[in-house]
Student: 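Structure incoming, see below.
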Amino acid sequence: MSTFNIAVLPGDGIGPEVMEQAIKVIRVIEEKTGNSFMLHEAKIGGCAIDAAGEPLPSQTLELCKKCDAVMLGAVGGPKWDTLPGNKRPEAGLLAIRAGLGLFANLRPAVIYDALKDASPLKQEIISGGVDIMVVRELTGGMYFGERGRVKTCDKGEAAFDTETYSELEVERIARLGFETAMKRSRKLMSVDKANVLESSRLWREVVIKLSAEYPEVELSHMYVDNAAMQLVRNPRQFDVIVTTNMFGDILSDEASMITGSIGMLPSASLGSGKAGLYEPIHGSAPDIAGQNKANPIATILSAAMMMRYSLGMEDAAKDIEAAVARVLEKGYRTGDIASFGCQVVGTAEMGTLICEEIK
Ligand code: NAD
């Protein structure tokens, strides 16, 4: 039996209420497996600004560095919207990713059978199920490259942003792509723009070179514009997608949209070690905070990802995911995914129903 230390950062808005449900699930897994989870709560985002004057207090970061994994709710809200960019709650998110050296973001986009009506795509396109994992590079490329403004000879201004990737940066994210594919159906799609961008040509070279170490994985390549189109034309052709920071930002949002609900989607951010940061993709939803209306499933599925990727507890991850599917099949829904004839439940009830299924 093992003991795991987990930093718990509920954050703002609906963060604490959805996190409470994920903790209930973690406690059920603890009972079922005999492993111990030591949970250490700390502040991030707006509540940290109120308590300590900054969105990521150094105590929070130090705690996270010592833990096996970090669970995060959501940050932000109207109360802090007028603060300057680097003082806002969301700055805490960038700081924690950088502070923990998390260079990869894994976002699954799954259409559950019971929720297929929620997808904006036609039934014939998604029938048979969609299950995509986007592996996005998180700390390089355009969002971190050199940028600036220069004066032009016509007395105007020009602006530039640069996309830079080193072999090392590409290799480590590509490796994670191959490793992820090995745990799934052994198909990897690398998305780039190698017909135009030099950084993409290097990306493709490195991915191809690395593929020699993974002969079991079927590797293919697609240009990003085509990938954006194919995701809505035939999403079932994709399994694992590995791509750059900017392309991944756009494609993972597109992939999540085809599932139909933001309240269902978890994510993991990983670095070179086993420790990772697990959070729902949604924000703090101030419009429904404190009303027992938020869907806790994205956070609960983030806990499942934590079991899989940081704690080596694949069976527990599958248990949680299967319990979520069964609760949905039985017709229970939070308001955001409600449809005709289903039974609408609150945040806490949904958490309890999933716990009962796991037991
Ligand atoms: P949001 O994701 O918070 O909400 C968008 C819409 O989806 C709202 O109508 C909300 O009620 C609904 N929604 C979101 N999560 C839900 C859930 N679990 N269950 C049911 N409904 C849900 O995005 P926003 O409104 O653009 O941003 C609100 C705040 O959150 C802002 O301060 C923003 O900066 C912040 N934000 C934080 C994160 C994060 O912490 N990772 C991500 C995005 C936005």
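All ligand and atom numbering here is 1-based and tracks the order in the structure. Hydrogens, waters and symmetry mates are skipped; everything else that's a heavy atom, side chains included, is used. This chain uses plain numbering: 1 for the first residue, then up along the sequence.
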Student: State whether any protein heavy atom lies less than 4.0 Å from atom 26 (O) of ligand 1.
Tutor: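 Looking at atom 26 (O) of ligand 1, one finds that no protein heavy atom lies closer than 4.0 Å.
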Student: Distance-only, no hydrogens or angles: does the D68 side chain make a donor-acceptor pair with backbone N or O of N5 under 3.5 Å?
Tutor: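 Checking the backbone N and O of N5 against the side chain of D68, a donor-acceptor pair under 3.5 Å is found.
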Student: Would you sort out whether E321 and R308 count as a salt bridge (Lys or Arg N to Asp or Glu O under 4.0 Å), showing the intermediate values?
Tutor: CA-CA 11 Å; E321 289 160 354; R308 173 171 294 126; 2.9 Å; yes
Student: Please write down residue, atom name and distance for the protein heavy atom closest to atom 31 (C) of ligand 1.
Tutor: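 Among all protein heavy atoms, the one nearest atom 31 (C) of ligand 1 is E90 OE2, 3.9 Å.
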Student: What are the atoms of ligand 1, with element, lying closer than 4.0 Å to any heavy atom of A294?
Tutor: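 The atoms of ligand 1 under 4.0 Å from a heavy atom of A294 are 19 (N).
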Student: Tell me: protein heavy atom nearest atom 21 (N) of ligand 1, and distance?
Tutor: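 Of every protein heavy atom, I288 CD1, 3.6 Å lies nearest to atom 21 (N) of ligand 1.
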Student: Is a donor on one side and an acceptor on the other found under 3.5 Å between the side chain of E137 and the backbone of T139?
Tutor: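 At least one qualifying donor-acceptor pair exists.
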Student: Between the candidates I281, D81, V75, I14, which shows the shortest non-hydrogen contact distance to atom 35 (C) of ligand 1?
Tutor: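 Nearest option to atom 35 (C) of ligand 1, by heavy atoms: V75.
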Student: When you measure from atom 9 (O) of ligand 1 to every protein heavy atom, which one gives the shortest distance, and what is it?
Tutor: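 Its nearest protein heavy-atom neighbour is D287 OD2, 3.0 Å.
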Student: Does an N or O anywhere in G73 fall below 3.5 Å from an N or O of ligand 1?
Tutor: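 N/O-N/O distance under 3.5 Å: no.
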Student: Could you tell me whether atom 17 (C) of ligand 1 has a protein heavy atom closer than 4.0 Å?
Tutor: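 Under the 4.0 Å cut-off, atom 17 (C) of ligand 1 does have protein heavy-atom neighbours.
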Student: Within 4.0 Å of atom 38 (C) of ligand 1 (strictly less), any protein heavy atom?
Tutor: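 There is a protein heavy atom less than 4.0 Å from atom 38 (C) of ligand 1.
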Student: To the nearest 0.5 Å, what is the distance between NZ (K32) and SG (C355)?
Tutor: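 SG of C355 is found 11.0 Å from NZ of K32.
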Student: Would you check the N or O atoms of H282, main chain and side chain alike, for any that come under 3.5 Å of an N or O of ligand 1?
Tutor: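 Yes, at least one N or O pair falls under 3.5 Å.
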Student: Any side-chain to backbone donor/acceptor pair from K187 onto Q237? Under 3.5 Å, distance only.
Tutor: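 Confirmed, K187 side chain pairs with Q237 backbone.
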Student: Could you tell me whether a side-chain N or O of T3 sits under 3.5 Å from a main-chain N or O of S36, the two making a donor and an acceptor?
Tutor: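 Such a contact is absent between T3 side chain and S36 backbone.
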Student: Would a distance-only check, ignoring hydrogens and angles, find a side-chain to backbone donor-acceptor pair under 3.5 Å from S310 to A69?
Tutor: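 A pair under 3.5 Å: no.
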Student: For atom 7 (O) of ligand 1, which protein heavy atom lies nearest, and how many Å away is it?
Tutor: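 For atom 7 (O) of ligand 1, the nearest protein heavy atom comes out as I262 CG2, 3.8 Å.
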Student: Backbone or side chain, does any N or O of G77 fall under 3.5 Å from an N or O of ligand 1?
Tutor: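 It does: an N or O of G77 is found under 3.5 Å from an N or O of ligand 1.
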Student: Name the one of T244, D249, D161, N245 that satisfies side-chain hydrogen bond (donor to acceptor under 3.5 Å, both in side chains) with Y143?
Tutor: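 With Y143 as partner, T244, D249, D161, N245 yield a single side-chain hydrogen bond (donor to acceptor under 3.5 Å, both in side chains), made by D249.
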Student: Kindly indicate whether atom 2 (O) of ligand 1 is approached by any protein heavy atom to under 4.0 angstrom.
Tutor: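 Within 4.0 Å: yes, protein heavy atom nearby.
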Student: Can you tell me which residue and heavy atom of the protein come closest to atom 28 (C) of ligand 1, and the distance to 0.1 Å?
Tutor: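 I find the closest protein heavy atom is P286 CD, 3.5 Å.
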Student: Is there side-chain contact between K330 and V327, with at least one heavy-atom pair below 4.5 Å?
Tutor: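 No, side chains not in contact.
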Student: Identify which of G76, S284, G335, G283 has a heavy atom lying nearest to atom 29 (C) of ligand 1.
Tutor: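 Checking each option, the heavy atom nearest atom 29 (C) of ligand 1 is found in S284.
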Student: Before signing off on this row, confirm whether A285 and ligand 1 have an N or O atom pair separated by under 3.5 Å.
Tutor: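 Indeed, backbone or side chain, A285 has an N or O that close.
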Student: Are R172 and F103 in a cation-pi setup, meaning NZ or CZ lies under 6.0 angstrom from the ring centre and within 45 degrees of the ring axis?
Tutor: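 The answer is yes; both the distance and angle limits are met.
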Student: Below 4.0 Å from any atom of ligand 1, is there a heavy atom belonging to A298?
Tutor: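 It does not; every heavy atom stays at 4.0 Å or beyond.
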